Amino acid sequence: MNLSRTIGSMALLFVLVLLAVANIARAFSAKGIDYVGRFREVDGRQRAEWPGAGVRLTYSSVGSSKANTLNVTFSDCGSCNYFVSVYQNCEQKEKFNIRSGQFGFQYSLPATDRLHNELSIIKVTETNQGDASGYMEIVDLDLSNAHVSPVFQPMCTTGKKLLFIGDSYTCAYGVDDTDPCGFSASTEDVTHSYAYDLGRTFHADVHTIAWSGKGVVRNYADPNQMSDTPMPAYYNRTLATISVNDDNTNYWDPKRYVPDVITVLLGTNDYSTHPEPSDEQFTTGLINFANQLHKDYPTAKRLLACSPALTALQCNNVANAADATDSAYVQIPPSVFTGGYGCSGHPSVLTQQYMAEAIQPVMEELLQ
């Protein structure tokens with residue numbers, strides 16, 4: 001046995017292992033990783049709950065092969081059940097279920113002709129609805145045979161920023177199935193919502209603060225005209241399930257993401273069951289919310305939209321609130337439902353696209 005050769009081989013192997021570990025560290029260190037949406041550090045890890053939160057990076061393949069294997073490990077969040085989507089160069093490639101006992105996935109990214117590529121991993125299900133639950137924490141992200149850029153270089157967006165605040169329509173509840181069907185985490189995908197359709201149209205970053213069943217002043221099926229915790233009580237939270245009254249460190253600093261336009265699509269739940277709020281209660285609540293948004297985001301333009309599920313009378317209340325707060329207004333026509341229904345009468349993928357088309361002209365004007 002050639003001892004020096006053996007020692008040399010072992011040393012080389014050790015160096016290769018260190019390089020491999022270093023590559024993983026580079027891939028999931030702050031350098032090169034861009035966090036999308038609201039994240040909060042918990043026990044040394046970045047945690048997210050809102051739909052649409054995720055990470056993204058830019059990379060280039062190295063070596064003779066362009067094949068890249070993506071390995072992602074998430075923290076053990078107990079009985080969680082949510083889905084994440086992998087996007088490559090602005091296109092959705094695959095969706096993975098993260099649940100109890102299954103806290104990771106491996107995926108072979110399709111080869112591309114591009115020198116530089118953008119990769120995103122996005123939480124597409126909401127915080128807590130039906131069987132959808134749990135927070136997202138990425139523990140490890142390894143992209144084999146690739147060089148991750150030390151600075152994220154966006155390819156899918158051009159600098160515009162949009163913030164959407166809404167309910168199940170914005171979450172894209174049941175969008176990936178066809179009525180009749182009930183809700184399941186597998187049928188929800190926020191990136192198939194009107195919000196992301198608009199983001200793709202304008203090549204804009206999108207943040208979504210959305211939760212099914214929430215209203216302006218009254219949540220779905222509340223026995224009272226006014227709820228204790230409608231959406232305005234949630235929108236300023238970093239992690240959706242922690243009240244800033246209980247933990248003021250969970251307050252989301254508006255300076256961390258300054259949108260060009262804020263779109264509010266709420267009201268369906270306020271009027272979906274009895275007792276409905278009075279016109280004054282609803283309009284005053286929406287005015288107060290729009291004013292709070294202006295206080296938090298003084299440079300952002302505001303757009304108040306009326307859901308296609310609301311009647312003309314209720315849309316008048318949204319229009320009046322928009323007028324009182326110098327906000328833009330859009331009434332999304334019920335005709336968008338010619339695109340069909342997802343689960344429980346919610347918009348299908350095509351209906352979500354029609355919703356985006358109804359908002360698009362006003363959004364275009366606001367972004368000028």
Side-chain angles (χ1 to χ4, degrees), residues 33-42 45-56 74-75 77 80-85 87 95-96 98 120-138 157 161-173 175 183 185 188-199 204-215 219 229-247 249-259 261-266 269 289 292-293 296-297 300 352:
I33 295 290
D34 187 52
Y35 289 91
V36 181
R38 297 185 179 183
F39 280 82
R40 177 182 175 181
E41 186 174 313
V42 179
R45 294 176 179 164
Q46 295 296 325
R47 178 178 297 183
E49 292 184 342
W50 291 108
V55 297
R56 58 187 180 180
F74 300 81
S75 66
C77 52
C80 64
N81 183 44
Y82 62 90
F83 282 78
V84 298
S85 274
Y87 272 77
K95 190 161 76 168
F96 296 94
I98 309 303
S120 299
I121 301 166
I122 303 171
K123 182 178 185 284
V124 297
T125 41
E126 61 183 294
T127 303
N128 189 4
Q129 171 65 33
D131 67 338
S133 64
Y135 57 81
M136 179 181 72
E137 285 180 354
I138 298 179
T157 58
K161 295 181 179 181
L162 305 176
L163 172 61
F164 294 87
I165 302 172
D167 50 32
S168 57
Y169 281 27
T170 305
C171 292
Y173 173 117
V175 73
F183 177 85
E188 185 171 67
D189 190 330
V190 70
T191 64
H192 295 170
S193 71
Y194 72 93
Y196 278 82
D197 287 335
L198 286 166
D205 283 312
V206 171
H207 280 204
T208 48
I209 301 302
W211 196 325
S212 293
K214 303 303 180 187
N219 298 330
T229 54
M231 180 51 79
Y234 286 85
Y235 98 97
N236 60 357
R237 300 179 179 187
T238 304
L239 296 179
T241 58
I242 301 176
S243 169
V244 295
N245 294 327
D246 299 330
D247 180 359
T249 62
N250 195 52
Y251 172 75
W252 175 257
D253 182 356
K255 295 183 181 66
R256 293 180 65 182
Y257 182 83
V258 182
V261 179
I262 304 171
T263 300
V264 178
L265 180 58
L266 292 168
N269 294 299
F289 189 33
Q292 182 63 47
L293 291 171
D296 289 342
Y297 303 96
Q352 289 277 3

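It should be emphasised that the depicted structure is a prediction, and the values quoted were computed from it without experimental measurement.
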Peer 1: Working to the nearest 0.5 Å, report the span between CG of Asn128 and CD of Glu49.
Peer 2: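 Nearest 0.5 Å value for the CG-CD distance: 9.0 Å.
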Peer 1: Checking Asn250 side chain against Leu239 main chain: does a donor-acceptor pair fall under 3.5 Å?
Peer 2: yes
Peer 1: Using side chain to side chain contact (heavy atoms under 4.5 Å, CB included) as the criterion, list what pairs up with Ser168, not counting sequence neighbours.
Peer 2: Tyr173, Ser212, His346
Peer 1: First locate atom CZ of Phe164, then atom OG1 of Thr263, and finally report the distance between them rounded to the nearest 0.5 Å.
Peer 2: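 So the CZ of Phe164 and the OG1 of Thr263 are separated by 4.5 Å.
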Peer 1: Please check this pair: side chain of Gln352 against backbone of Tyr169, looking for a donor-acceptor N/O pair closer than 3.5 Å.
Peer 2: yes
Peer 1: Quick one: pull up OH in Tyr251 and CG in Asp253 and give me the separation to the nearest 0.5 Å.
Peer 2: 6.5 Å
Peer 1: Charged N to carboxylate O under 4.0 angstrom, Arg237 versus Asp246?
Peer 2: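 No, this pair does not count.
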Peer 1: Atom NE2 in His192, atom OG in Ser85: separation rounded to 0.5 Å?
Peer 2: 6.0 Å
Peer 1: Please tell me if the side chains of Arg40 and Ile242 come closer than 4.5 Å, counting only heavy atoms from C-beta onward.
Peer 2: yes
Peer 1: Nearest 0.5 angstrom please: Phe289 CZ to Tyr235 OH, how far?
Peer 2: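 It is 6.0 Å, given to the nearest 0.5 Å.
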Peer 1: Looking only at heavy atoms, which two atoms of Thr127 and Trp211 are closest? And how far apart?
Peer 2: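 Closest approach of Thr127 to Trp211: CG2-CH2, 4.1 Å.
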Peer 1: Decide yes or no on side-chain contact (heavy atoms from CB on, under 4.5 Å) for Tyr297 and Gln292, but give the supporting numbers first.
Peer 2: CA-CA 8 Å; Tyr297 303 96; Gln292 182 63 47; over 6 Å; no
Peer 1: Can you pull out every salt bridge (Lys or Arg N to Asp or Glu O under 4.0 Å) where at least one residue sits in residues 122-131? Sequence neighbours excluded, please.
Peer 2: none
Peer 1: Minimum heavy-atom separation for Phe39 and Gly54, please, with both atom names.
Peer 2: CE1-O, 3.3 Å
Peer 1: Sub-3.5 Å donor-acceptor pair from the side chain of Ser243 to the main-chain atoms of Asn245, do we have one?
Peer 2: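 Yes; judged by distance alone, with no hydrogens or angles, the pair exists.
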Peer 1: Test Trp50 against Tyr234 for side-chain contact (heavy atoms from CB on, under 4.5 Å), laying out the working first.
Peer 2: CA-CA 11 Å; Trp50 291 108; Tyr234 286 85; 4.0 Å; yes
Peer 1: Please tell me if the side chains of Asp189 and Lys95 come closer than 4.5 Å, counting only heavy atoms from C-beta onward.
Peer 2: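 Asp189 vs Lys95: side chains touch.
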Peer 1: Taking all heavy atoms of Ala53 and all of Ala48, pick out the closest pair and write down the distance.
Peer 2: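 Looking at all heavy atoms of both residues, the closest pair is CB-CB, 3.5 Å.
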Peer 1: Is the side chain of Asn81 donor-acceptor paired with the backbone N or O of Gly134 at a distance under 3.5 Å, no angle test?
Peer 2: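 No.
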Peer 1: Is there side-chain contact between Val264 and Leu293, with heavy atoms separated by less than 4.5 Å?
Peer 2: yes
Peer 1: Return the OG1 to OH distance between Thr170 and Tyr196, rounded to the nearest 0.5 Å.
Peer 2: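 Answer rounded to 0.5 Å: 11.0 Å.
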Peer 1: How about Leu162 and Val261: do any of their side-chain heavy atoms sit closer than 4.5 Å?
Peer 2: yes
Peer 1: For Asp167 and Leu266, work out which heavy atoms get closest and say how close.
Peer 2: N-CD2, 3.9 Å
Peer 1: Output yes when a side-chain donor or acceptor of Thr125 lies under 3.5 Å from a complementary backbone atom of Glu188, and no otherwise.
Peer 2: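 No.
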Peer 1: Carefully, step by step, assess Tyr82 and Val124 under the rule side-chain contact (heavy atoms from CB on, under 4.5 Å).
Peer 2: CA-CA 8 Å; Tyr82 62 90; Val124 297; over 6 Å; no
Peer 1: The criterion is side chain to side chain donor-acceptor pair (under 3.5 Å); which residues satisfy it with Glu137, sequence neighbours excluded?
Peer 2: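 With neighbours one apart ignored, the set is Arg47, Ser75.
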Peer 1: For the residue pair Pro232 and Gly215, what are the closest heavy atoms and their distance?
Peer 2: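 Minimum heavy-atom contact is CD-O, 3.7 Å.
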Peer 1: Is there a side-chain contact (heavy atoms from CB on, under 4.5 Å) between Ile209 and Leu163? Walk through the geometry before answering.
Peer 2: CA-CA 8 Å; Ile209 301 302; Leu163 172 61; 4.0 Å; yes
Peer 1: Looking at Arg56 and Asp205, does any basic side-chain N land under 4.0 Å from a carboxylate oxygen?
Peer 2: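 Here Arg56 pairs with Asp205 in a salt bridge, since their nearest N and O are under 4.0 Å apart.
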Peer 1: Would you say Thr191 and Tyr87 make side-chain contact, with heavy atoms under 4.5 Å?
Peer 2: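 Yes, close enough: below the 4.5 Å cut-off.
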Peer 1: Under a 3.5 Å distance rule, please check whether Asp296 uses its side chain to pair with a backbone N or O of Pro254 as donor and acceptor.
Peer 2: no
Peer 1: Heavy atoms only: give me the nearest Ala195-Thr208 pair and the separation to one decimal.
Peer 2: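 Reported closest heavy-atom pair: CB-CG2, 4.2 Å.
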